[in-house]
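Just so it is clear, the values below take in all heavy atoms, side chains as well, and ignore hydrogens, waters and symmetry mates. Small disclaimer: the values here were computed from a predicted structure and weren't measured.
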Amino acid sequence: MIQRKQTIYLLLVVILTVVCMFSQVATMVSDSGKAFADMYNLWLTDAEGQHSFRSAPLFACLMLSAILSLVTIFMYMKRKLQAMMCLVDMLLLVVWYILLAVMPQSIGGMMHLEWPAVLPAVGIILLFMARKGILADEKLVRSLDRIR
């Protein structure tokens with residue numbers, strides 16, 4: 001199980017999503033250019049230190065993605081299902097970016113992204129590479145079955 005390269009990719013996706021889950025994703029800036037809130041995946045922290053849980057859907061997407069990636073690692077005997085789970089996981093990370101883009105309209109102001117906002121994009125790339133490896137394994141197993 002661990003010797004497969006797609007397992008390493010999936011494990012990296014789990015690590016990246018967990019790091020992004022607990023990191024500051026953006027800084028909310030008013031139209032005048034003054035920062036008024038820090039956005040984490042679970043909450044917004046305003047200048048007074050108050051927490052608002054408006055960004056909790058971002059946290060939910062990343063949590064589901066991390067759990068799904070971890071479960072996908074252990075589905076190595078069912079390669080078709082594993083490839084499908086990679087697609088669903090990619091979709092969850094795309095939904096995370098859509099939610100991140102919509103968030104400033106619901107809060108007001110502009111958003112300046114921090115470096116952890118790139119981690120889900122890296123996760124999408126790793127999931128694509130893992131899916132490609134899973135499908136290659138499936139093709140190899142099918143070709144070996146034909147030889148027998």
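- Here the side chain of S55 pairs a donor or acceptor atom with the backbone of Y40 at under 3.5 angstrom.
- A 6.0 Å sphere centred on CE of M129 holds more than 12 heavy atoms belonging to other residues, nucleotides or ligands.
- Under the 4.5 Å side-chain criterion, counting only non-hydrogen atoms from C-beta, Q6 is not in contact with R131.
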Inset, instruction - Take E138 and K80 through the side-chain contact (heavy atoms from CB on, under 4.5 Å) test and state the conclusion after the steps. - result: CA-CA 8 Å; E138 178 66 20; K80 287 183 182 181; 3.9 Å; yes

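- Contact check for L58 versus W96: side-chain heavy atoms found under the 4.5 Å cut-off.
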Legend entry - L100 and M39: CA distance, side-chain angles, deciding distance, side-chain contact (heavy atoms from CB on, under 4.5 Å) verdict: CA-CA 10 Å; L100 186 66; M39 181 190 293; 3.9 Å; yes

Side chains of residues 13-20: which donor-acceptor pairs under 3.5 Å do they make with residues two or more places apart or in other chains?
residue : atom : partner : partner atom : Å
T17     : OG1  : V13     : O            : 2.9
T17     : OG1  : V14     : O            : 3.0

Please tabulate, one pair per line, all N/O donor-acceptor pairs under 3.5 Å involving side-chain atoms of residues 59-70, not counting sequence neighbours.
residue : atom : partner : partner atom : Å
S65     : OG   : D89     : OD1          : 2.5
S69     : OG   : S65     : O            : 3.0
S69     : OG   : D89     : OD2          : 2.2

Inset, instruction - Test E114 against T27 for side-chain hydrogen bond (donor to acceptor under 3.5 Å, both in side chains), laying out the working first. - result: CA-CA 7 Å; E114 301 290 333; T27 302; 3.0 Å; yes

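- For Q82 (side chain) and T72 (main-chain N/O), a donor-acceptor pair under 3.5 Å exists by modelled atom type.
- Residues meeting the side-chain hydrogen bond (donor to acceptor under 3.5 Å, both in side chains) test with D38, sequence neighbours left out: Q24.
- Residues L44 and H51 are not in side-chain contact: their nearest non-hydrogen atoms beyond the backbone lie 4.5 Å or more apart.
- Side-chain atoms of L119 and S23, non-hydrogen and from C-beta on, never get closer than 4.5 Å to each other.
- Two residues are said to be in side-chain contact when any heavy atoms from C-beta on lie closer than 4.5 Å; L127 and Y9 fail this criterion.
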